[in-house]
Structure formats: C-alpha cells, structure tokens
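Written below as structure tokens is the structure these notes are about.
Remember, it's 1-based here, ligands and their atoms both numbered in the order they're listed. Keep in mind it's a predicted model, so treat the numbers as computed, not measured.
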Amino acid sequence: MRLEGKVAVVTGGARGIGKEVAGRFADEGARVLVADRDEPAGRAVVEEMTVRGRPAHFAAVDVTVPADVERCAGEAMARFGRIDVLINNAGITADAWAAKMTTEQWDRVIAVNLTGAFNCIRAVLPAMFSQGSGSIINASSVVGVYGNIGQANYAATKAGIIGMTRALARELGPRGIRVNAVAPGFIATDMTAKVPEKVLDLMRARTPLGRLGVPADVAAAYVFLASDEAAYVTGQVLGVDGGLVI
Ligand code: NAI
C-alpha cells in the first residue's frame, strides 16, 4: 500500500473528486479525515470507509472560516496524532460573463477556492513543522492555466493556486514539506453536471484521449504526489486532462 501509516486531510471530501480521493487514500493505507461543509454526505463517506475497515473521521468544516479549519486540524491531531497530507480540494464555481458578474459571485469563489485553501495550509503547518515533513496538494484546473469564458473568478482562483503552490514549495521545502498542484481537465462530477452537453461534446472532441475524465483519474495523481514515490517532486502542477491542453 502506497500511503501506509500516513494521515490525510481531504477537504471537499463528501462528493466528486474529493470523495474518490478519500476512498482511494484509505485503500492505500492512509487514515483519512474528510472535511466538508456538507455534513450528511461527508458522514456517509466516512461510514462507507469505516464499514470497509478503514480508519476515517468526518469534520464539518467551511474552509472559508479560519476557526472551523483550526478546529478540523485539531480533530485530526486528536484522532490520529499527525497530519502528513493535506488535499486542498474543496472548490466551487459561480459562472457569469464578466459584465454581469456580481461582487458576491467574485468574492464567494475567491473565498472558497483560494483563501479557503490558504486557511487550510496555515492550519496544518504547526503539525507538519513539528514532524519535519508533509505533502500539500492543491486543486488547480486547466482553466487556471488557459482561462475560460464566463469563469474570470474561477480562473483567477485556480491561477492563484499555482502561484501559491510555487511560493510555498520554495518557502516550505527547507522544512521537509512538499507543495504541488493538480490541474484536472473536465471531470464528470456534480460540478460539471451544470455544463451544457454541447460544451462537453466539444471538450471530448478536443481531448486527444477522447473522453471526459473520471474522479479516479484525478485521485491516482493525488496518490502519487502524496506518496513517498514523489519524495523529490515539489512546486509542480500535474495536468490530468487527457491531453486537452497540449
Ligand atoms: P464537487 O462540486 O463535486 O464537490 C466539491 C465538494 O467541496 C463538495 O463536497 C462541497 O460540499 C465541498 N465544498 C464546497 N465549498 C466548501 C466549503 N466552503 N467548505 C468545505 N467544503 C466545501 O466538485 P468536484 O468536481 O469534485 O471538484 C473538486 C475540486 O476539483 C474543486 O476544487 C474543483 O475546482 C477542482 N476541479 C474540478 C474539475 C472538474 O471538471 N470537475 C476540473 C478542474 C478542477
């Protein structure tokens, strides 16, 4: 098992990619804390893992609220005694043409996708500093690299994630902490269920591998970056997009 003995905090672990990551990490031997604002769905994920004999815990967290996030890190320490991996996966969209985008739509997406990720990193650092090791993996997107119509707010956060990842890889490397990002293409989840079928067909046609991604495709990249196989990998943005943007 590739994550044996590690403790991982997965934000947005109640659904979609995060849910898949939580399950896959548990199967690879990690003890997992699922952190999500959707309590019923998050508890169901943990229940499923517990039934399979995997140690897991749920924490109700809104990543935009620093006090929530601090409490969550405290729960991980109390429950499992260490934090080896942070998967900063919680994210939202609130799409609109720029001329019509409200300040509330702009602020909400920045608060969850970018400030939320920073809140979580700051909260796990004391544990990682005292261990002298850690792996932080942030959810970016192809949209953060190449942009997308109607997603100025979302693209700004996902590009911001890349900048933050590289800054922190430099800052935290000397403390034994690796910081990387994953940039998925179009992955079939609740988030992309809102995208019109016509647009998804276009994406399939533009993707060399000829299909949308599935959460398992992305979870495999997270496993690699979290594992000791990636011991010399930091500051990278790993595209998981079927070749969409080459
Ligand atoms: P999803 O919408 O299926 O799941 C997102 C999860 O995050 C949900 O469980 C939700 O409750 C949780 N969440 C949202 N706001 C939160 C908050 N303030 N505090 C705590 N939890 C919160 O999304 P999906 O598709 O699984 O995406 C996961 C991540 O991957 C996001 O960061 C997204 O931007 C990114 N991504 C997704 C792509 C896709 O095509 N689905 C493509 C590229 C990146």
Side-chain angles (χ1 to χ4, degrees), residues 9-24 33-46 58-73 86-95 105 107-120 123 137-148 151 153-162 164-165 181-196 199-200 202-204 206-207 211-219 221-222 225 237-242 244-245:
V9 174
V10 182
T11 74
R15 282 206 304 271
I17 295 169
K19 177 181 174 181
E20 183 73 23
V21 170
R24 182 72 206 282
L33 185 136
V34 172
D36 205 292
R37 66 178 176 186
D38 182 340
E39 188 158 352
R43 287 202 183 283
V45 169
V46 164
F58 174 76
V61 172
D62 180 338
V63 296
T64 66
V65 179
D68 262 23
V69 173
E70 299 287 337
R71 180 182 39 76
C72 166
L86 168 65
I87 304 293
N88 253 328
N89 162 80
I92 59 167
T93 53
D95 299 351
Q105 284 175 310
D107 287 345
R108 181 154 44 98
V109 173
I110 303 282
V112 176
N113 297 8
L114 190 55
T115 312
F118 178 71
N119 289 340
C120 294
I137 312 166
N138 301 313
S140 181
S141 164
V142 289
V143 170
V145 183
Y146 295 92
N148 198 20
Q151 293 198 309
N153 51 359
Y154 184 79
T157 64
K158 296 303 183 180
I161 283 286
I162 293 173
M164 181 170 72
T165 296
V182 166
F186 281 75
I187 310 298
T189 66
D190 290 352
M191 186 178 270
T192 41
K194 295 179 228 159
V195 177
V199 177
L200 294 180
L202 190 69
M203 288 306 152
R204 282 187 195 96
R206 280 194 196 159
T207 303
R211 64 170 175 89
L212 298 185
V214 292
D217 294 321
V218 187
Y222 280 116
L225 289 171
V237 182
L238 178 52
V240 185
D241 61 7
L244 177 63
V245 296

Is R211 salt-bridged to D217, going by a charged N under 4.0 Å from an acidic O? yes

Non-hydrogen side-chain atoms of I17 and I187 separated by less than 4.5 Å: yes

When you check the gap from the basic side-chain N to the acidic O, do R43 and E39 get nearer than 4.0 Å? yes

Can you list the residues that meet the side chain to side chain contact (heavy atoms under 4.5 Å, CB included) rule with E70, with sequence neighbours excluded? A123

Validation row: T93, Q151 side chains within 4.5 angstrom (heavy atoms): yes

Less than 4.0 Å from some atom of ligand 1, heavy atoms are found in residues G12, A14, R15, G16, I17, D36, R37, D38, V61, D62, V63, N89, A90, G91, I92, V112, A139, S140, S141, Y154, K158, P184, G185, F186, I187, T189, D190, M191, T192

Are side-chain heavy atoms of V182 and L225 found at a separation under 4.5 Å? yes

